[in-house]
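Inspection log for the structure reproduced underneath, given as structure tokens.
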Amino acid sequence: MNIKKYLKTRYIAAVLLILYLLILPRKLFDVPYSTVVTDRNGELLGARIADDGQWRFPQNDSIPEKFKDCLIAFEDRHFYHHFGVNPLAIFRAIKQNISEKRIVSGGSTLTMQLMRLSRGGKRTVGEKLIEMLLATRIECRYSKNEILAMYAAHAPFGGNVVGIDAASWRYFGHSADGLSWSEAATLAVLPNAPSMIHVAKNRPLLLEKRNGLLKYLYQKKKLDEIDYNLAISEELPAEPLPLPDIAPHLVTHFYLKQRGKSVASTIDRNVQMQIEHIVERWNNQFIKSDIRNLAAIVINVQTNEVTAYCGNVKSTAKNSANQVDIIKSPRSTGSILKPFLYYATLEEGLILPNTLLPDIPININGFEPQNFNLQYEGAVPASKVISRSLNVPSVHLLRMFGVPKFYGFLKNAGITTLNRPASNYGLSLILGGAEATLWDLSFCYSEMARSLLGLPENQGKMELLKNEDSSPNFFKSGAVWQVFEAIKEVNRPEEIDWRYVPSMQTVAWKTGTSYGFRDAWAIGVTSRYVVGVWVGNANGEGKPELIGARTAAPVMFDIFNILPASEWFQSPSNQFIEAEVCRQSGHLKGRFCDEVDTVLIVPNGVKTESCPYHTVVNLTENEQYRVYESCISEGQSVVRKNWFVLPPVWEWYYKQHHPEYKTLPTFLKGCGENSNNPMQFIYPQGNTVVHLPKQLDGSEGEITFELAHNNSLATVFWHLNSDYLGTTQDIHKFTFRPSHGKHSLTVVDNEGNTISIAVTVE
């Protein structure tokens, strides 16, 4: 029988032990937390309130020593010596309550108070007994410091402020790590009766309790006399303070993506604040022109981390749309993609850095791009096309490279907003027909810079604003070097020439302006930083002043001026080969090139075409006429000479900007004929579909056809099908109204040269 009782007792004890172990919930607090975002050094950038309307920061693993000393001294002086319940305190509380015939003291330890905060129950005797039991269980699971940290994170500090971290910012405007003795003591006494004593309620009693606690600490030699006198002389906070509002769009991003968490970003708080000041100053200037939005991002090239993130200006103006995070918003690219096309064509071996590209009128099914200055130069070296951001040669280059191929290149480079087929963009892809984000573009430029530094590629992770996935670099350093060498020569907004000012660092940079003056871009890169800037109106409203070089570029350089300067990139080794290049055409040396430079090119550059623009010609002794050697009279000699000859349309525009260009002499009469046609159509080109414009009265309009002739004195005769239309001299333009359908347009000059094209009129 005794054995049965023993076993029964053991069984009951085991059941009670199991119940004791299971009574404590695994998660003490199931409450929503504020979203807290800090910079790289733990400095608070901003926060968003918890879903229940409380300022409750996520729990830290530890609490400041000063607050710990104050809290234990005020709430539970034997905290480190009991096991969750202090029997002496309980008996003392019972005695006081009986003596006063009311509840004077609860005798609760900090562990018991933690349990009460967790359960949120009513303050009854039964609840007190449960708290006591659970307090002993808490002591089994957690260390003393963990218990203190949980209490400090969930204790009420008055109003909707919960936890030491939120309270420190709301009442004193800084983190809990920087609490003074006076501030720590103030916060230590607040949770005792937060509804009765507050910074805005019963302030004399709050001051009395704070100073009483400080006196006790002084007596216990926790602080010396000087610290004590300084502490009691400090004033109480007047009212809750607003939390920091730095990088608000970034904070909002993390609130939406990682709600209720504490996020350590890569932002540098000091740099961020300086850049926000620059953005605000420029916005005050732009607002005069009704330009209301501005965004800027700074990336540390060497770590590929975001140093500053200004998604938009801070503005209280009506209709400012400042809540829109422009950095993540797709916007029309303008010319900002041109360096990528230059890179792709260099790397593939389609062009060399100074290959001449056509700068002549082009019309492809109604798409008729124009340069910003509305002029044509005939032919321009590729590097100058990029540095001067010429539209027409860029379209010609994209046509050579291929839209689908460039479309794929951009997607592989990291442009994530190309959500339509390549054919839908067409040749406008290089002039702003596509949209991109400031985030994607800036990181693409950062990856280019990292290739020159020999650093691995990293894909941007918005979650942490840090890039962690390393892989071989998409960009090759040789072609990147040639791109940066071209765009570092772009004329800056300053009136002075930066090349002659030693204090001004070298920056490779590019601007962009979208169609309709809706978006102004500027992105610059050094060996340490990438700075990206966008200026415009979030609603897409265009303004004549919205030009990248005039708005976004000055902001970008102001940002570079507050960043540490850096040396320019070193030329990459083992990435180039030497080649002889024609000085005039930029092509590989041809048979008849006289002026040749030895330059460094990327290895694929050897696949480019040899100079097609130099030819050898026979001239009379005075070099006035071309001749065939066979028709020279006896006793006369022929001068053989290499000549630089551009196609007729190129030549017509080129010689207007290059007075040194010499056109080919005509043939001596009776001694040869032109082997190259001196004429070329400017508009239309062969097999073109032409659409007749409508007049205001609804009738069909007329079309102007244009021709280039390398002889300014030539007379040109125009024919449509078999019908004679008329004659032109000097400027060869002819306007008429053809009927619908297919036609053959033929022109003949006074030397008998003929050229024809097929045209379809709709």
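Numbers for residues simply follow the sequence, beginning at 1. This structure is a prediction, so every number in the text was calculated from the model and none was measured.
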Checklist entry - Is the shortest side-chain N to carboxylate O distance from Glu183 to Lys66 below 4.0 Å? => result no
Item to check | Pair His253, Lys328: side-chain N/O donor-acceptor within cut-off below 3.5 Å | outcome: yes
Checklist entry - In Å and rounded to the nearest 0.5 Å, what is the CD1 to CZ distance from Ile430 to Arg399? => result 15.5 Å
Next on the checklist: I'd like to know if the side chain of Asp52 and the backbone of Gln54 have a donor-acceptor N/O pair within less than 3.5 Å.
Outcome noted: yes
Item to check | Heavy-atom closest pair, residues Cys444 and Ala413 | outcome: SG-O, 3.3 Å
Next on the checklist: If we ignore hydrogens and angles and just use 3.5 Å, is the side chain of Ser265 paired with the main-chain N or O of Thr38 as donor and acceptor?
Outcome noted: yes
Checklist entry - Does the side chain of Ser332 come under 3.5 Å of the side chain of Arg518 through a donor N or O and an acceptor N or O? => result no
Checklist entry - When you look at Tyr309 and Asp325, which way does the side-chain hydrogen bond (donor to acceptor under 3.5 Å, both in side chains) test go after all the steps? => result CA-CA 10 Å; Tyr309 188 103; Asp325 185 352; 2.6 Å; yes
Item to check | Residue pair Ile415, Thr417: steps toward the side-chain contact (heavy atoms from CB on, under 4.5 Å) verdict | outcome: CA-CA 6 Å; Ile415 305 301; Thr417 50; 3.8 Å; yes
Item to check | N-O pairing of Glu377 and Arg388 below 4.0 Å | outcome: yes
Checklist entry - Do the side chain of Gln505 and the main chain of Ser566 share a donor and acceptor less than 3.5 angstrom apart? => result yes
Checklist entry - Can you tell if the side chain of Leu179 reaches within under 4.5 Å of the side chain of Leu187, non-hydrogen atoms only? => result yes
Next on the checklist: Ignoring hydrogens, what is the shortest heavy-atom contact between Ile327 and Ala295? Give both atom names and the distance.
Outcome noted: CG1-CB, 4.1 Å
Checklist entry - How many angstroms lie between atom CD1 of Ile291 and atom CH2 of Trp282, to the nearest 0.5 angstrom? => result 11.0 Å
Next on the checklist: If I take atom CG from residue Leu390 and atom CG from residue Leu357, how far apart are they, to the nearest 0.5 angstrom?
Outcome noted: 9.5 Å
Item to check | Atom of Trp169, atom of Leu243 and distance for their closest heavy-atom approach | outcome: CB-CD2, 3.3 Å
Checklist entry - Can a donor-acceptor pair be found between the side chains of Asp359 and Asn371 at a distance below 3.5 Å? => result yes
Checklist entry - After noting the C-alpha distance and the side-chain angles of Ser387 and Lys384, does the key distance pass the side-chain hydrogen bond (donor to acceptor under 3.5 Å, both in side chains) rule? => result CA-CA 5 Å; Ser387 65; Lys384 299 298 182 183; 5.2 Å; no
Item to check | Arg56/Asp165 salt bridge by N-O under 4.0 Å criterion | outcome: no
Checklist entry - Looking at side-chain heavy atoms only, is the closest gap between Asn391 and Gln370 below 4.5 Å? => result no
Item to check | Distance-minimising heavy-atom pair for Met556 and Gly524 | outcome: SD-N, 3.2 Å
Item to check | Check: Ser527 side chain, Glu567 main-chain N or O, donor-acceptor pair, under 3.5 Å | outcome: yes
Checklist entry - Does any N or O in the side chain of Thr437 come within less than 3.5 Å of the main-chain N or O of Asp440, such that one atom is a donor and the other an acceptor? => result yes
Next on the checklist: Quick check: Phe406 with Tyr425 (ring centres under 6.0 Å apart)?
Outcome noted: no
Item to check | Glu234 vs Ser180 side-chain heavy atoms within contact, under 4.5 Å | outcome: yes
Checklist outcome for this item: For Leu241 and Gly173 the tightest heavy-atom approach is CD1-N, 3.5 Å
Next on the checklist: Angle between ring planes, Phe372 versus Phe517, binned at 30° and 60°: parallel, tilted or perpendicular?
Outcome noted: perpendicular
Checklist entry - Any donor and acceptor pair, going by atom type alone, linking the side chain of Ser442 with main-chain N or O of Trp439 inside 3.5 Å? => result no
Checklist entry - Is it true that atom NE2 of His277 has more than 12 heavy atoms of other residues, nucleotides or ligands lying nearer than 6.0 Å? => result no
Next on the checklist: If the condition is side-chain hydrogen bond (donor to acceptor under 3.5 Å, both in side chains), which residues does Tyr376 pass it with, not counting sequence neighbours?
Outcome noted: none
Item to check | Whether Asn424 side chain and Arg420 backbone form a donor-acceptor pair below 3.5 Å | outcome: no
Next on the checklist: Pair Asn312, Asn293 - check side-chain hydrogen bond (donor to acceptor under 3.5 Å, both in side chains), show working.
Outcome noted: CA-CA 6 Å; Asn312 209 327; Asn293 302 107; 3.2 Å; yes
Checklist entry - Would you say Asn537's side chain and Gly540's backbone share a donor-acceptor pair under 3.5 angstrom? => result no
Item to check | Atom pair CD1/CD1 of Ile487 and Ile523 - distance to nearest 0.5 Å | outcome: 9.5 Å
Item to check | Worked verdict on Lys314 versus Glu276 for salt bridge (charged side-chain N to carboxylate O under 4.0 Å, His left out) | outcome: CA-CA 9 Å; Lys314 297 177 182 178; Glu276 286 186 3; 3.0 Å; yes
Next on the checklist: Walk me through whether Arg210 and Ser182 qualify under side-chain hydrogen bond (donor to acceptor under 3.5 Å, both in side chains).
Outcome noted: CA-CA 7 Å; Arg210 183 201 73 174; Ser182 173; 2.9 Å; yes
Next on the checklist: Keeping Ser428 on the side-chain end and Leu431 on the backbone end, is there a donor-acceptor pair under 3.5 Å?
Outcome noted: no
Checklist entry - Hey, is Arg331 close enough to Asp519 for a salt bridge, meaning N to O under 4.0 Å? => result yes
Item to check | Side-chain H-bond candidate by donor/acceptor type, Lys338 with Ser389, under 3.5 Å | outcome: yes
Checklist entry - Which of parallel (below 30°), tilted (30 to 60°) and perpendicular (above 60°) describes Phe475 and Phe409? => result perpendicular
Item to check | Partner residues of Tyr171 under the side-chain hydrogen bond (donor to acceptor under 3.5 Å, both in side chains) criterion, sequence neighbours left out | outcome: His198
Checklist entry - Of the non-hydrogen atoms in Ala167 and Phe157, which two are nearest, and what is the gap between them? => result CB-CG, 3.7 Å
Checklist outcome for this item: Taken to the nearest 0.5 Å, the spacing of Arg269 CZ from Gln274 CD works out to 12.0 Å
Next on the checklist: Just so I know, are the side chains of Pro554 and Arg550 near enough to count as touching, which here means a heavy-atom distance under 4.5 Å?
Outcome noted: no
Next on the checklist: Would you say Thr307 and Asp268 are linked by a side-chain donor-acceptor pair, where the criterion is simply a distance under 3.5 Å?
Outcome noted: no
Item to check | Distance, nearest 0.5 Å, that separates CD1 of Ile362 from CG of Leu427 | outcome: 6.5 Å
Item to check | Validation row: Glu435, Thr333 side chains within 4.5 angstrom (heavy atoms) | outcome: no
Next on the checklist: Between Pro353 and Leu346, is there a side-chain heavy-atom distance shorter than 4.5 Å?
Outcome noted: yes
Item to check | Residue pairs involving residues 34-59 (criterion ring pair (Phe, Tyr, Trp, His ring centres under 6.0 Å); sequence neighbours excluded) | outcome: none
Checklist entry - Quick one: do Glu541 and Arg292 make a salt bridge, cutoff under 4.0 Å? => result yes
Item to check | Minimum side-chain heavy-atom gap Val324-Ser329 below 4.5 Å | outcome: yes
Checklist entry - Does the separation of the ring centres of Phe484 and Tyr343 fall below 6.0 angstrom? => result no
Next on the checklist: Can you confirm whether Gln570 is buried at CD, in the sense that more than 12 heavy atoms of other residues, nucleotides or ligands lie under 6.0 Å from that atom?
Outcome noted: no
Next on the checklist: If we ignore hydrogens and angles and just use 3.5 Å, is the side chain of Tyr653 paired with the main-chain N or O of Pro361 as donor and acceptor?
Outcome noted: no
Checklist entry - Can you find a heavy atom in the side chain of Ile267 that is under 4.5 Å from one in the side chain of Arg40? => result no
